[in-house]
Amino acid sequence: MKGILLVLAKRYIAGAERQDAIRTALALNDIGIKATIDNLGENVRTPAQAAWSVAEYLDLLKDIKASGADSQISLKLTHMGLDISPELAIENLETIVKKAREDGNFVRVDMEGSKYTQATIDIFLQLRKKYPNIGVALQSALKRSVDDARIITAAGGSIRIVKGAYKEPASIAFKDKREVYTSFEEIMKGLLLTATRPAIATHDERLLDVAKKFADENGVSKRSFDFEMLLGIKRSLQRGLAREGYSVRVYVPYGREWLQYTLRRLGERKENVWFVLKNIFD
Ligand code: FDA
């Protein structure tokens, strides 16, 4: 079973090594698409594992700079030690954000399961006071996200809006796909009217069309926000948007901890196995 998953993972992941991610980012840059590179990993259990993650991200920033790749970085706070203590996660995140600022780079904090939502926002807001080069993701599936988006935007924070990849209880999350869609649309429109360089992260073509029309009608420039998509999903669409003049950024994951990420991608779509086979030639 792990063997089959590894085959599927190859579509979604740049490779096991940092240089695989850099190569993928440069190849995307060649066709007018930016990247955000993510070192796969989450829920580290010891300070030593968290320190290893920090060291890897610092090397990643160094390699991005040396290669000239147009790429930000994305990371998860449980990879920085959030399960050990919020203090450790802040300290580790700050080390990375500081280095990114020196390089003129930007750090996007992914949003994990709802157990971590408040801590992620608190840590983000704390560091955002000192560093402008940090952003966070919010999930439209969570009922609280409309309010969170207002709070973060008021603090000048840049938000990546996503639907949400984690299974959450009905008490806090929309279960109907139409509600997740409507919440995404509402948050997205609000973000497009702010000057905080939001990221609209979806492969949902109806939402992308709504975003394009709304931006156009409200005089929001095509280059003032990012359309973000995942590596290996809807490549033709990514290229098409870039050709239309939109700023497109692709999330490029790499590393040996590929299993959790791949399972989330597969969980997003029942027909995924067929989809992967069909789209190998996309
Ligand atoms: P939806 O799931 O409705 O998909 C629309 C269409 O896209 C599908 O019909 C299909 O054609 C295609 N598609 C979508 N997913 C696919 C897949 N896995 N394989 C093949 N085809 C697929 N989540 C989170 O909880 N925290 C986070 O920080 C992030 N970060 C993030 C960054 C970026 C750049 C993106 C694009 C997404 C995330 N996500 C995320 C994941 C997000 O929450 C969501 O699970 C996926 O983007 C799928 O939802 P869509 O909005 O694409 O819509």
Side-chain angles (χ1 to χ4, degrees), residues 5 8-13 25 28 33-38 40 42 71-79 82 106-117 120-121 124 134-142 144-145 148 152 158-168 172-174 176-185 187-188 198-211 225-238 241 247-253 258 260-280 282:
L5 285 172
L8 294 174
K10 285 189 175 146
R11 178 178 176 88
Y12 296 120
I13 290 164
L28 287 163
I33 294 176
K34 301 170 204 170
T36 179
I37 301 181
D38 169 70
L40 291 165
E42 49 203 278
S71 180
Q72 302 179 347
I73 59 171
S74 286
L75 55 75
K76 291 185 171 42
L77 286 183
T78 67
H79 202 188
L82 184 56
F106 184 88
V107 180
R108 179 76 65 184
V109 179
D110 289 344
M111 187 55 81
E112 302 179 70
S114 58
K115 184 179 158 195
Y116 303 107
T117 310
T120 302
I121 292 173
F124 167 74
I134 181 172
V136 68
L138 286 181
Q139 300 148 332
S140 73
L142 293 191
R144 58 176 288 166
S145 290
D148 290 335
I152 293 168
S158 165
I159 294 171
R160 169 203 288 153
I161 183 67
V162 303
K163 286 188 182 172
Y166 298 82
K167 206 169 162 53
E168 303 289 1
I172 58 162
F174 300 116
D176 184 333
K177 281 186 171 183
R178 282 166 303 186
E179 287 179 303
V180 177
Y181 177 100
T182 306
S183 159
F184 192 112
E185 181 175 343
I187 296 170
M188 171 180 84
I200 313 296
T202 182
H203 315 89
D204 186 329
E205 294 184 44
R206 286 172 312 159
L207 279 171
L208 292 170
D209 285 343
V210 172
F225 61 93
D226 287 342
F227 279 133
E228 289 194 354
M229 296 192 209
L230 301 176
L231 186 68
I233 300 181
K234 298 216 174 182
R235 285 176 285 206
S236 313
L237 179 63
Q238 296 170 8
L241 287 168
S247 172
V248 180
R249 187 178 299 282
V250 165
Y251 189 94
V252 176
W258 52 270
Q260 290 307 321
Y261 181 86
T262 304
L263 289 175
R264 276 199 293 276
R265 299 290 76 81
L266 295 179
E268 275 154 5
R269 226 169 156 245
K270 283 189 218 80
E271 319 87 302
N272 243 324
V273 175
W274 292 117
F275 177 89
V276 169
L277 292 176
K278 186 170 120 282
N279 284 271
I280 282 169
D282 176 24

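Remember, it's 1-based here, ligands and their atoms both numbered in the order they're listed. Fair warning: this is a prediction, and the values are worked out from it, not measured in the lab.
- The option from Val162, Leu142, Thr120 that lies nearest to atom 29 (C) of ligand 1, judged by heavy atoms, is Val162.
- Listed by atom number, the atoms of ligand 1 under 4.0 Å from Ala137 heavy atoms are 28 (O).
- Ionic pairing of Glu205 and Lys234 is present here: one or more N-O contacts between side-chain nitrogen and carboxylate oxygen are shorter than 4.0 angstrom.
- Taking 4.0 Å as the cut-off, Tyr181 does not count as a neighbour of ligand 1 on heavy-atom distance.
- Proximity of Tyr12 to ligand 1, defined as any heavy-atom pair under 4.0 Å, is confined to the side chain (atoms from C-beta onward).
- Here the options are Leu142, Val162, Ile121, the test is side-chain contact (heavy atoms from CB on, under 4.5 Å), and the partner is Met111; only Ile121 passes.
- A side-chain donor-acceptor contact under 3.5 Å links Lys34 and Ser247.
- Looking at Ser145, its side chain does come within 3.5 Å of a backbone N or O of Gln139 through a donor-acceptor pair.
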(request) I would like to know whether Phe225 and Ile200 meet side-chain contact (heavy atoms from CB on, under 4.5 Å); could you show each step before the answer? (result) CA-CA 8 Å; Phe225 61 93; Ile200 313 296; 4.0 Å; yes
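- Geometrically, ligand 1 and Tyr251 share no nitrogen or oxygen pair separated by less than 3.5 Å.
- Below 3.5 Å of separation, one finds no N or O of Glu228 facing any N or O of ligand 1.
- Atoms OG1 and CG, on Thr36 and Leu231 in that order, are 12.0 Å from each other to the nearest 0.5 Å.
- In summary, the side chains of Arg108 and Ser158 do present a donor paired with an acceptor at a separation below 3.5 Å, with no hydrogens or angles considered.
- A salt bridge links Asp110 and Arg160; the closest N-O separation between the charged side-chain nitrogens and carboxylate oxygens is under 4.0 Å.
- Closest non-hydrogen pair, Glu112 versus Thr78, comes out as OE1-OG1, 2.6 Å.
- Between Leu230 and ligand 1, no N or O atom pair is found at a separation short of 3.5 Å.
- Within ligand 1, the atoms closer than 4.0 Å to a non-hydrogen atom of Gly164 are 25 (O), 42 (C), 43 (O), 45 (O), numbered from 1 in the order shown.
- Checking only distances, Glu268 does come within under 3.5 Å of ligand 1, N or O to N or O.
- Of all atoms in ligand 1, listed by their number and element, those nearer than 4.0 Å to a heavy atom of Asp110 are 28 (O).
- Those atoms of ligand 1 that come under 4.0 Å of a heavy atom in Gln139, given as number and element, are 24 (C), 25 (O), 26 (N).
- Contacts with ligand 1 closer than 4.0 Å are made by no heavy atom of Glu205, backbone or side chain.
- Residue-level proximity to ligand 1 for Lys163 is carried by backbone and side chain together, each with a heavy atom below 4.0 angstrom.
- Proximity annotation for atom 11 (O) of ligand 1: of Lys76, Lys234, Glu112, Lys234 comes nearest, heavy atoms only.
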(request) Could you please spell out the steps behind the side-chain contact (heavy atoms from CB on, under 4.5 Å) verdict for Phe184 and Val210? (result) CA-CA 11 Å; Phe184 192 112; Val210 172; over 6 Å; no
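- Below 3.5 Å of separation, one finds an N or O of Met111 facing an N or O of ligand 1.
- For ligand 1, the atoms sitting less than 4.0 Å from at least one non-hydrogen atom of Arg265 are 17 (C), 18 (N), 41 (C), numbered in the order shown with element in parentheses.
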